[in-house]
Number of protein chains: 2
Amino acid sequence: MTNTTDDSDLVLLLRRHRVQVTAQRLAIMRAVSSRPHATADELADDVRAVIGSISRQAVYDTLGLLVDKHLVRRIQPPGSAARFEDRVDDNHHHLICRTCGSTVDIDCAVGAVPCLTAHDDHGFEIDEAEVVYWGRCPACRAATPEPASQRPASERPASERHMSERLAHAKEQQ
Amino acid sequence: MTNTTDDSDLVLLLRRHRVQVTAQRLAIMRAVSSRPHATADELADDVRAVIGSISRQAVYDTLGLLVDKHLVRRIQPPGSAARFEDRVDDNHHHLICRTCGSTVDIDCAVGAVPCLTAHDDHGFEIDEAEVVYWGRCPACRAATPEPASQRPASERPASERHMSERLAHAKEQQ
DNA sequence: CCCGTAATCTGGACATTGTCCAGTATTGGA
DNA sequence: TCCAATACTGGACAATGTCCAGATTACGGG
């Protein structure tokens with residue numbers, strides 16, 4: 001539980017990837033491991049609690065470097081700052097609560113590297129597929145059984161597509 | 001091509017959804033339709049070109065309202081501002097170029113509502129799955145055949161998982 | 001057709017997340 | 001141990017949103 005304990009593994013890992021070893025980097029790596037899905041800001045706080053202080057720039061630089069080296073994965077949930085985690089290259093996805101923003105890992109539904117097989121790649125060279133599941137976590141469901149923002153299904157027919165398509169319906173119905 | 005032409009369809013659509021009709025809202029809806037994947041800022045510019053001026057707040061308010069009403073879909077690519085589009089409820093996904101950020105629609109690979117079937121929902125009530133494919137568009141591929149940022153596959157074995165797992169390898173190999 | 005109220009829009013301040021830059025400190029090899 | 005390359009610091013800046021109070025507009029009822 002001491003601050004400088006047992007960095008030898010991390011040091012070796014960094015060296016193996018030709019990355020200079022600094023106290024800031026070690027602290028950031030430990031922070032990412034110990035608190036998955038944390039934002040850069042949260043990680044900075046964690047690091048400060050351990051090594052005293054760190055500049056915002058060092059946090060961003062290091063996280064960017066680790067992401068480049070595939071030692072850390074960056075996930076960017078809509079409406080929130082980027083988050084970072086330990087697990088890389090295993091094609092898991094994320095489940096985010098619309099109400100409280102909590103994030104959990106979720107294994108891929110389809111198989112090994114599923115979503116990489118797009119229907120039509122438009123000439124793109126696709127190297128990754130990112131999947132975010134949206135919903136409400138157990139705690140938030142308990143707190144508010146039926147959210148008011150949800151309109152009844154009757155108000156949004158499944159046939160709705162383009163605005164232009166819906167316009168036809170509007171004409172008919174009014 | 002005149003500004004006030006043919007709003008009756010949009011007016012009916014808004015009324016059908018119990019939304020007050022304003023010049024700003026009509027202009028924003030037309031802007032979203034005519035330029036898919038535009039950011040709020042770009043849409044504001046488009047609107048200003050048509051009705052003269054609009055406040056930033058009105059743009060955000062209106063887009064938020066339309067998203068709530070499921071008349072517009074908000075997509076939030078990592079590293080970029082939110083973008084808005086016309087197509088809703090048809091479960092298509094997005095393909096984004098890592099180099100230039102261009103975004104194209106892409107039909108779902110798996111079928112109707114595929115990714116909604118998560119392996120383990122952790123007690124969440126899931127209502128949407130968002131998929132982003134990352135890659136490089138044809139233009140950017142042509143411009144830079146082999147990006148320098150890509151390390152050879154030999155440097156990142158498929159077996160890489162957690163940092164902690166990789167640590168074992170580090171020990172063995174060094 | 002006019003009025004009043006509720007909803008909307010405006011414009012400025014502020015918050016968050018991230019980048020840029022110049023100068024200083026640290027790392028790691030010679 | 002010393003040096004050059006690399007990394008870190010701290011302040012300024014940029015982009016994207018949100019908050020708020022007051023002015024304006026929409027639209028249902030008289």
Side-chain angles (χ1 to χ4, degrees), chain A residues 4 7-8 10-29 31 37-45 47-48 50-69 71-72 74-84 101 174, chain B residues 4 7-8 10-29 31 37-45 47-48 50-69 71-72 74-84 101 174:
Chain A
T4 51
D7 285 342
S8 55
L10 289 174
V11 170
L12 291 176
L13 179 60
L14 288 178
R15 285 211 212 283
R16 203 157 57 94
H17 286 267
R18 321 285 140 95
V19 173
Q20 269 198 13
V21 176
T22 69
Q24 290 86 347
R25 285 174 180 173
L26 293 174
I28 288 172
M29 291 178 83
H37 311 135
T39 64
D41 212 46
E42 292 165 344
L43 293 170
D45 285 344
V47 168
R48 289 194 189 100
V50 175
I51 65 170
S53 77
I54 191 172
S55 69
R56 200 159 37 135
Q57 195 56 46
V59 175
Y60 281 108
D61 283 352
T62 298
L63 288 172
L65 178 68
L66 295 176
V67 168
D68 275 357
K69 297 292 184 182
L71 297 177
V72 162
R74 171 191 281 126
I75 52 185
Q76 265 175 276
S80 135
R83 292 164 183 277
F84 299 87
Q174 189 44 274
Chain B
T4 53
D7 284 343
S8 55
L10 289 174
V11 170
L12 292 176
L13 179 60
L14 287 178
R15 286 210 212 283
R16 205 156 59 92
H17 286 268
R18 319 286 141 97
V19 173
Q20 269 200 16
V21 176
T22 70
Q24 289 86 347
R25 285 175 180 173
L26 293 174
I28 287 172
M29 290 179 83
H37 309 135
T39 64
D41 212 47
E42 292 165 344
L43 292 171
D45 286 343
V47 167
R48 287 194 190 100
V50 174
I51 66 170
S53 77
I54 191 171
S55 69
R56 199 159 38 136
Q57 195 56 47
V59 174
Y60 281 109
D61 284 352
T62 298
L63 288 172
L65 178 67
L66 295 176
V67 168
D68 274 357
K69 297 292 183 182
L71 297 177
V72 161
R74 171 191 281 126
I75 52 185
Q76 267 177 272
S80 136
R83 292 165 182 276
F84 298 88
Q174 188 46 273

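A, B, ... follow the sequence lines: proteins, then strands. Residue 1 opens every chain. Just so it is clear, the values below take in all heavy atoms, side chains as well, and ignore hydrogens, waters and symmetry mates.
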Legend entry - Check: A/Leu66 and A/Arg25 side chains under 4.5 Å, non-hydrogen atoms: no
Inset, instruction - Look at the side-chain N and O atoms of B/Thr39 and state whether any lies under 4.0 Å from the OP1 or OP2 oxygen of D/dT16. - result: no
Inset, instruction - Figure out the CZ/P separation between A/Arg25 and C/dG28, and round it to whole Å. - result: 9 Å
Inset, instruction - Ignoring backbone atoms, test whether A/Arg15 places a side-chain nitrogen or oxygen under 4.0 Å from the OP1 or OP2 oxygen of C/dG28. - result: yes
Inset, instruction - Kindly indicate whether the side chain of A/Glu42, heavy atoms from C-beta on, has any atom under 4.5 Å from the side chain of A/Arg83. - result: yes
Inset, instruction - Please state how far atom CZ in A/Arg48 lies from atom P in D/dC8, giving the value in whole angstrom units. - result: 14 Å
Inset, instruction - Apply the test side-chain contact (heavy atoms from CB on, under 4.5 Å) to residues A/Val67 and A/Phe84: give CA-CA distance (whole Å), side-chain angles for both, the deciding distance (0.1 Å), then the verdict. - result: CA-CA 9 Å; A/Val67 168; A/Phe84 299 87; 4.1 Å; yes
Inset, instruction - Respond yes when some side-chain nitrogen or oxygen of A/Gln24 is under 4.0 Å from OP1 or OP2 of D/dT9, and no when none is. - result: yes
Inset, instruction - Determine whether any donor atom in the side chain of B/Gln57 lies under 3.5 Å from an acceptor atom in the base of D/dC19, or the reverse, and answer yes or no. - result: yes
Legend entry - Nearest-neighbour nucleotide for the A/Gln20 side chain, D/dC8, C/dT27, C/dC9 considered: C/dT27
Inset, instruction - Could you tell me the separation between the CG atom of B/Asp41 and the P atom of D/dT18, rounded to a whole number of Å? - result: 13 Å
Legend entry - Nearest-angstrom distance from the residue atom CG of B/Leu14 to C1' of D/dT25: 15 Å
Legend entry - Whole-Å gap separating C1' (C/dC14) and OH (B/Tyr60): 14 Å
Legend entry - Donor-acceptor pair (no angle test) under 3.5 Å: B/Arg56 side chain, D/dG17 base: yes
Legend entry - Nearest-angstrom distance from the residue atom CZ of A/Arg16 to P of C/dG28: 17 Å
Legend entry - Minimum side-chain heavy-atom gap A/Val19-A/Leu13 below 4.5 Å: no
Legend entry - Interatomic distance, B/Glu42 CD vs D/dA15 C1' [rounded to whole Å]: 13 Å
Legend entry - Nearest-Å distance for atom pair CG/P, residues A/Leu65 and D/dA5: 19 Å
Inset, instruction - Quick one: do A/Val47 and A/Val59 satisfy side-chain contact (heavy atoms from CB on, under 4.5 Å)? Show the steps, please. - result: CA-CA 9 Å; A/Val47 168; A/Val59 175; 5.8 Å; no
Legend entry - Given DNA chain D, 5'-ward residue of the pair A/Ser55 and B/Arg83, judged by closest heavy atom: A/Ser55
Legend entry - Nearest to side-chain heavy atoms of A/Ala58, which nucleotide of D/dC27, C/dT8, D/dC8: D/dC8
Legend entry - A/Val21 side-chain proximity, nearest of C/dG28, D/dG10, D/dC27: C/dG28
Inset, instruction - Look at A/Thr22 and D/dC8 and indicate whether a side-chain polar atom (N or O) is within less than 4.0 Å of OP1 or OP2. - result: yes
Legend entry - B/Ala81 side chain, from C-beta outward: closest of D/dT16, C/dC9, C/dT8: D/dT16
Inset, instruction - Mind checking B/Ala23 for me? I need base, sugar-phosphate or nothing, with any heavy atom below 4.0 Å counting as a touch. - result: nothing
Legend entry - Nearest to side-chain heavy atoms of A/Ala82, which nucleotide of C/dG18, D/dA26, C/dT10: C/dG18
Inset, instruction - Kindly indicate whether the side chain of B/Leu26, heavy atoms from C-beta on, has any atom under 4.5 Å from the side chain of B/Leu14. - result: yes
